[in-house]
Amino acid sequence: TTGHYSPNSGPAGGLPYTRTSDTISGFYKYTPAGSDTAMLMVMLSASGTTVGGANHFFNAASAWTYFEMPFNAGTTPDTIRIDIQSGSWNALTPGSVLKIDYLQLKSQPLLAVSDLTAAVPKVLAYPNPANDVFNLRFDKVPAGAVNARIYDMMGRVIDNRNYTAAPPVISFQVGYLPAGMYFYELSNNGNLIRDKFLKQ
């Protein structure tokens with residue numbers, strides 16, 4: 001989810017968003033356990049009240065399969081929340097596996113897949129797993145401003161750095177973080193690099 005889970009109360013929150021209609025698309029692979037079904041849900045809200053959205057259900061697919069889902073709101077929203085689940089909450093058999101890639105909104109398109117290698121600088125993330133320090137090093141320093149962030153599994157920003165000119169290496173102190181999975185994101189000139197790392 002792009003929101004967060006509070007104890008015993010389900011997902012909440014999301015990201016700022018104000019369009020009344022849009023389409024979400026991407027690619028998926030899905031191996032259900034038994035007759036399970038995966039789902040993607042978009043919920044649009046305004047001042048905490050749901051004003052629109054839509055659901056998309058995934059059937060079994062062993063190869064990468066394209067999907068898209070239009071959605072709309074009756075009132076201008078202020079927040080979008082996207083939830084993805086690999087199985088139904090009441091599935092009798094656990095173990096369904098859903099993989100999602102290249103998820104994007106039509107209003108905020110990502111680079112074409114064929115352009116990714118040429119347009120986005122390569123980054124070495126090390127050490128992974130990390131203990132005290134986690135580093136991001138560019139293969140060649142990009143021109144322009146760079147934003148670097150670390151997120152936790154709930155999507156909360158743990159560290160946020162802004163540089164008017166990118167340094168060769170960006171170092172994050174992570175020794176204080178609990179062990180687990182985290183995500184990093186680098187943005188530069190409209191390009192995004194996202195990936196995960198482990199904190200031991």
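In this structure, the separation between CD on Q104 and CD1 on I24 is 9.0 Å, given to the nearest 0.5 Å. For the atom pair CG of L44 and OG1 of T20, the computed distance is 9.0 Å after rounding to the nearest 0.5 Å. With rounding to the nearest 0.5 angstrom, the CD1 atom of I80 is 10.5 Å from the CZ atom of R19. One distance of note links CG of N160 with CD1 of I150; it measures 10.5 Å at 0.5 Å rounding. Here CZ of R137 is found 13.0 Å from CD1 of I170. Values are rounded to the nearest 0.5 Å. Atom NZ of K106 is separated from atom CD of E68 by 5.5 Å, given to the nearest 0.5 angstrom.
When every heavy atom of A33 is checked against every heavy atom of G95, the shortest pair comes out as CB-C, 3.9 Å. A46 and P77 make their closest contact through CB-CA, 4.2 Å (heavy atoms, listed as atom of the first residue, atom of the second, distance). The two residues A166 and V146 make their nearest non-hydrogen contact at CB-CG2, 3.4 Å. Considering all non-hydrogen atoms of both residues, A143 and N188 come closest at O-ND2, 2.9 Å. A pairwise comparison of heavy atoms in Q200 and P129 identifies CG-CB, 3.4 Å as the closest pair. When all heavy atoms of Y176 and Q173 are compared, the pair lying nearest together is CE2-O, 3.1 Å.
Counting heavy atoms from C-beta outward, L103 and L40 have side chains that approach closer than 4.5 Å. When side chains are defined from C-beta on, V174 does not count as touching V133, because their heavy atoms never get closer than 4.5 Å. Between F71 and T23, the closest side-chain pair of non-hydrogen atoms is not below 4.5 Å. A 4.5 Å side-chain heavy-atom check between N135 and F172 finds every atom pair outside the cut-off. For the pair L124/F138, no side-chain contact is recorded, criterion being any heavy-atom separation below 4.5 Å from C-beta on. In this structure, I84 and L98 have side chains that are in contact, with non-hydrogen atoms separated by less than 4.5 Å.
Looking at T65, its side chain does come within 3.5 Å of a backbone N or O of A63 through a donor-acceptor pair. N147 places no side-chain N or O within 3.5 Å of a backbone atom of S187 that could act as its donor or acceptor partner. A donor-acceptor contact shorter than 3.5 Å is absent between the side chain of D152 and the backbone of I158. At least one donor-acceptor pair closer than 3.5 Å links the side chain of K199 to the backbone N or O of L177. In this structure, R161 contributes its side chain and S171 its backbone to a donor-acceptor pair below 3.5 Å. Listed for the T2 side chain is a donor-acceptor partner under 3.5 Å among the backbone atoms of I82. Panel note: side chain Y30, backbone K99; no donor-acceptor pair is recorded below 3.5 Å.
Residues satisfying the salt bridge (charged side-chain N to carboxylate O under 4.0 Å, His left out) criterion with D132, sequence neighbours excluded, are absent altogether. Residues satisfying the ring pair (Phe, Tyr, Trp, His ring centres under 6.0 Å) test with F58, not counting sequence neighbours, are Y28, H56, F67. For Y66, the ring pair (Phe, Tyr, Trp, His ring centres under 6.0 Å) partners are F27, not counting sequence neighbours.
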* Asked: Are L186 and L136 close enough, and set up right, to give a side-chain contact (heavy atoms from CB on, under 4.5 Å), and what steps lead you there?
  -> CA-CA 9 Å; L186 291 166; L136 299 171; 3.9 Å; yes
* To do: Show your reasoning for whether side-chain hydrogen bond (donor to acceptor under 3.5 Å, both in side chains) applies to D83 and T1.
  => CA-CA 4 Å; D83 298 326; T1 179; 2.3 Å; yes
* Could you walk me through whether D78 and Y17 pass side-chain contact (heavy atoms from CB on, under 4.5 Å), step by step? => CA-CA 5 Å; D78 56 30; Y17 183 84; over 6 Å; no
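Side-chain heavy-atom separations under 4.5 angstrom define the hydrophobic clusters, and the remaining members of the one that includes M41 are M39, M43, F57.
Listed by first and then second residue, the side chain to side chain donor-acceptor pair (under 3.5 Å) pairs that reach into residues 34-53 are D36-S96, sequence neighbours excluded. Evaluation of the salt bridge (charged side-chain N to carboxylate O under 4.0 Å, His left out) test over residues 166-185, restricted to residues two or more places apart or in two chains, returns E185-R194.
Y126 and Y182 fall into different hydrophobic clusters, where Ile, Leu, Val, Met, Phe, Trp and Tyr side chains are chained together by heavy-atom contacts under 4.5 Å.
A ring-centre distance under 6.0 Å is found for Y184 and F134.
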